[in-house]
Amino acid sequence: MLDLAYLRENLEEARQRLSHRGFVLDVETFRRLDSERKNLIHEGERLKQLRNTSSEEIARLIKEKVDVTEKRNEMKAVGQRIKEIDETLGTLEEEIYRFASIIPNLPDTDVPIGLTEDQNVEVRRFGQPPAFDFEPKAHWDLCPALGILDLERATKITGSRFPLLAGAGARLERALINFMLDVHTKEHGYSEVVPPFMANSRSLFGTSNLPKFEEDLFKVKDTDYYLIPTAEVPVTNIYRDDILEDDRLPVKFTACTPCFRSEAGSYGKDVRGVFRQHQFNKVELVKFTRPEDSPLELESLVKDAEEVLKRLRLPYRVVIHATGDAGFAAAKSYDIEVWLPGQNAYREISSCSNFRDFQARRANIRYRPSGGGKVRLVHTLNGSGLAVGRTWIAIVENYQQKDGTVVIPDVLRPYLNGMTVIKPQKVI
RNA sequence: GGAGGAAUGGCCGAGUGGUUGAAGGCGGCGGUCUUGAAAACCGUUAUGCUCGGAAGGGCAUCGGGGGUUCGAAUCCCUCUUCCUCCGCCA
């Protein structure tokens with residue numbers, strides 16, 4: 001959420017910057033709500049001051065044994081009026097909060113301006129797409145023959161877009177998780193957590209998945225619980241309503257969790273294989289930083305995620321989101337796109353964002369600057385490091401052989417008991 | 001699931017209707033002392049909103065919400081969380 005004080009004083013600038021991402025800020029409504037609010041506050045505070053001074057006076061008069069009946073009745077009416085004003089004000093502030101909570105974050109000034117993903121800008125590339133002396137297959141053709149993926153049975157168990165990995169496929173998934181977590185915890189300084197896989201609406205509001213994106217979530221019936229769409233939600237909310245000590249910053253967490261997304265509105269997109277699923281595993285990186293540190297922390301976060309792909313020797317590129325393609329809460333974000341031979345394209349495998357104080361304000365996450373300054377909002381950042389299911393696809397497709405087997409990348413072999421190649425197998 | 005108890009500032013902890021935004025302690029910050037440090041001593045130290053150019057005012061906040069009252073940290077109702085005991089399950 002944006003700072004309402006900033007909005008009040010820089011309404012035109014905010015309107016302008018938000019227009020770069022295709023958001024039309026209703027300046028008139030905001031001005032009207034804001035001035036109504038001010039009027040009510042002034043009137044209410046005037047009456048409360050009257051009530052406070054009169055109460056003191058009544059206490060004094062009682063001591064002096066003076067009759068206060070009239071004064072009391074007078075104040076009773078004032079009290080009634082205060083109650084009415086407070087109720088109206090409460091309703092109005094809710095309205096303002098609702099209004100503000102669906103305004104997206106301001107894009108950073110160094111983000112390329114553009115409304116569509118065509119205007120995203122590639123910033124760097126690693127590796128070359130592998131040259132095959134045969135026609136490489138997509139994973140949905142390759143994997144059933146290997147017996148490591150069974151989508152028909154997954155659909156039977158649940159429905160479409162759920163994964164069922166088997167044998168070496170299942171072990172590859174687990175190896176990837178352990179490999180990624182080891183890199184981030186042992187080498188990149190992240191602490192590992194295992195958070196709840198369901199979160200309440202307050203938490204989802206904090207990361208701004210609610211109220212605007214409820215249709216993307218699975219909700220547990222008759223509860224206030226949602227299946228998490230990413231570990232970002234529970235991990236960011238670890239510090240909701242907390243005040244962190246300065247010397248603890250930056251705090252860096254990593255967590256592997258299943259992610260559940262309803263993918264409403266994506267029908268007809270990526271329908272084959274396991275690229276877009278209702279459930280997938282993801283290793284997430286989350287940082288809480290001082291405001292002045294967040295731009296550089298975003299750069300290092302992206303590098304931390306890239307390192308996983310480098311070690312797996314998977315070709316990728318890094319793309320910066322244009323203003324209009326960045327997520328609702330992001331001020332700036334990079335995607336990492338891995339090369340998928342089966343699609344002959346670079347596809348998203350990680351998204352890394354700086355939210356600045358946008359989530360921190362919603363979730364009320366603050367820190368106390370050393371040297372005794374005022375409590376300030378932290379900046380939050382996060383990124384995938386990486387989406388495990390998509391990494392799984394990338395390995396299978398990039399490391400496939402002419403005979404349909406898949407070579408295991410060197411760095412993963414210790415995690416697979418020395419396995420070097422995935423051969424056809426039947427475990428289901 | 002049943003029965004009790006508790007929730008106060010960054011932390012600990014007083015406080016049962018009228019200068020209590022809140023004693024005291026710890027911690028933090030500034031200072032005195034010291035070659036330096038520690039100790040000791042002195043001072044200072046919440047957040048949000050609002051008025052103001054500023055100085056400085058005002059309002060709200062003692063887990064959340066509601067109620068009683070001229071007036072609530074304090075009384076009542078309710079919700080949440082935590083603790084103890086019993087039961088159940090792993």
Side-chain angles (χ1 to χ4, degrees), chain A residues 1-11 30-101 194-196 198-206 220 222-226 234 237-249 251 288 290-291 357-358 360-378:
Chain A
M1 197 156 73
L2 298 180
D3 180 10
L4 289 178
Y6 163 84
L7 211 52
R8 222 166 265 142
E9 281 150 39
N10 306 276
L11 200 51
F30 181 76
R31 282 219 181 90
R32 177 176 57 77
L33 294 174
D34 193 50
S35 81
E36 277 176 29
R37 172 176 166 274
K38 282 237 158 112
N39 290 339
L40 285 172
I41 285 174
H42 293 164
E43 178 65 1
E45 289 197 351
R46 188 181 68 78
L47 292 173
K48 281 175 186 169
Q49 188 176 1
L50 174 64
R51 178 177 67 183
N52 288 344
T53 52
S54 296
S55 289
E56 275 176 49
E57 197 187 341
I58 288 171
R60 204 182 65 241
L61 292 174
I62 289 173
K63 261 187 207 149
E64 294 167 8
K65 309 261 197 263
V66 177
D67 178 57
V68 293
T69 315
E70 193 183 332
K71 197 93 192 160
R72 252 189 203 152
N73 289 337
E74 216 174 281
M75 282 307 107
K76 201 178 172 104
V78 170
Q80 195 53 40
R81 178 74 188 126
I82 287 172
K83 201 178 151 192
E84 286 164 19
I85 289 173
D86 278 349
E87 272 168 24
T88 313
L89 182 62
T91 311
L92 186 65
E93 293 203 311
E94 270 173 39
E95 197 178 337
I96 292 170
Y97 205 73
R98 272 199 306 276
F99 178 89
S101 66
V194 178
M198 295 186 206
N200 60 32
S201 54
R202 183 79 207 284
S203 292
L204 284 146
F205 181 85
V220 180
D222 296 329
T223 70
D224 184 42
Y225 301 160
Y226 295 79
N237 279 282
I238 286 173
Y239 288 136
R240 172 147 53 78
D241 295 324
D242 277 346
I243 299 173
L244 302 172
E245 290 307 321
D246 190 284
D247 57 17
R248 298 214 46 206
L249 299 175
V251 177
F288 303 84
R290 297 180 195 93
D357 61 12
F358 193 84
R361 184 170 295 105
R362 288 174 158 244
N364 192 29
I365 306 171
R366 296 169 296 169
Y367 79 105
R368 189 178 306 283
S370 58
K374 283 221 168 233
V375 175
R376 301 171 71 193
L377 294 168
V378 300

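These numbers were taken from a predicted model, which means no experiment stands behind them.
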Checking B:A60, B:C51, B:C49 against the side chain of A:Arg37 (C-beta onward), the nearest is B:C49
Would you mind telling me which residue lines up with the more 5' stretch of RNA chain B, A:Gly79 or A:Thr53, judged by nearest nucleotide?
A:Thr53
Paired to B:A3 by Watson-Crick or G-U wobble criteria (both distances under 3.5 Å) is B:U84
From CG of A:Asp241 across to C1' of B:G48 the rounded distance in Å is 14 Å
Hey, what do you get for OH (A:Tyr367) to CG (A:Asp242), rounding to the nearest 0.5 Å?
16.0 Å
Complementary nucleotide for B:A14 - Watson-Crick or wobble, under 3.5 Å
none
Say we look at B:C82 and B:U34: how far apart would their C1' atoms be, to the nearest angstrom?
48 Å
So A:Asn52, base contact, sugar-phosphate only, or nothing? Heavy-atom distance under 4.0 Å.
sugar-phosphate
Would you classify A:Arg8 as touching base, sugar-phosphate or nothing, given that sugar-phosphate means primed atoms plus P, OP1 and OP2, and contacts are heavy atoms under 4.0 Å?
sugar-phosphate
Geometric class of the A:Tyr97/A:Phe205 ring pair [parallel <30°, tilted 30-60°, perpendicular >60°]
parallel
Could you give the CD-to-P distance, from A:Glu56 to B:G18, as a whole number of Å?
13 Å
Separation of A:Leu40 atom CG from B:C59 atom P, in whole Å?
18 Å
P atoms of B:U74 and B:U8, separation to the nearest Å:
14 Å
Using the P atom in both, what is the distance from B:C26 to B:C75, to the nearest Å?
30 Å
Determine the Euclidean distance between corresponding P atoms of B:C62 and B:G66; express it in Å to zero decimal places.
12 Å
C1' atoms of B:U68 and B:C76, separation to the nearest Å
7 Å
C1' spacing across the pair B:U20 / B:A46, given as an integer number of angstrom
15 Å
Tell me which nucleotide among B:U50, B:C70, B:A60 gets nearest to the side chain of A:His42.
B:U50
Can you tell me the base-pairing partner of B:C89? Count Watson-Crick or G-U wobble geometry only, both distances below 3.5 Å, and say none if there is no partner.
none
Electrostatic pair A:Glu43:A:Arg46 at N-O distance under 4.0 angstrom:
yes
Determine, for A:Arg60 against A:Glu56, whether the closest basic-nitrogen to carboxylate-oxygen distance falls under 4.0 angstrom.
no
Calculate the interatomic distance between A:Leu50 atom CG and B:C59 atom C1'; express it in whole Å.
13 Å
Does A:Glu45 make a side-chain donor-acceptor contact with the base of B:G58, cut-off 3.5 Å?
yes
Minimum-distance nucleotide (side-chain atoms of A:Lys83 versus B:G71, B:G67, B:U50)
B:G67
Could you tell me the Watson-Crick or G-U partner of B:G27, where both distances fall under 3.5 Å? Say none if there is no partner.
B:U45
Flag the pair A:Met1 / A:Leu7 as yes when at least one side-chain heavy-atom distance between them is below 4.5 Å, and no otherwise.
no
Regarding the side chain of A:Ile62, the nearest nucleotide among B:G18, B:G71, B:U50 is B:G18
What is the distance, to the nearest angstrom, from the CD atom on A:Gln80 to the C1' atom on B:U69?
13 Å
What nucleic acid atoms does A:Ile58 come within less than 4.0 Å of, heavy atoms only: base, sugar-phosphate, or nothing?
base
Paired with B:G71: which nucleotide, if any, by Watson-Crick or G-U wobble criteria at under 3.5 Å for both distances?
none
Span that lies between the P atom of B:U45 and that of B:C83, in whole angstrom:
36 Å
Are A:Glu84 and A:Arg81 close enough for a salt bridge, meaning some N to O gap below 4.0 Å?
yes
Length of the line joining A:Asp247:CG and B:G27:C1', which is rounded to integer Å
13 Å
On RNA chain B, nearest-nucleotide positions of A:Asn73 versus A:Glu93: which is more 5'?
A:Glu93
Any non-hydrogen side-chain atom of A:Met75 less than 4.5 Å from a side-chain atom of A:Glu57?
no
B:U47 versus B:G9 - spacing of their C1' atoms, nearest Å:
10 Å
A:Leu92 side, atom CG; A:Leu40 side, atom CG - distance, nearest 0.5 Å:
6.0 Å
Please classify the nucleic acid contact of A:Lys71 as base, sugar-phosphate, or nothing, using heavy-atom distances under 4.0 Å.
nothing
Between A:Asn364 (CG) and B:A46 (C1'), how many Å, whole number?
14 Å
Using a cut-off of 4.0 Å on non-hydrogen atoms, how would the nucleic acid contact of A:Arg46 be classed: base, sugar-phosphate, or nothing?
nothing
Return the nearest nucleotide to the side chain of A:Lys38; candidates are B:C59, B:C51, B:C49.
B:C51
Here the distance between atom P of B:G10 and atom CG of A:Leu244, to the nearest Å, is 13 Å
So which nucleotide does B:A55 pair with, by the Watson-Crick or G-U wobble rule with both distances under 3.5 Å?
none
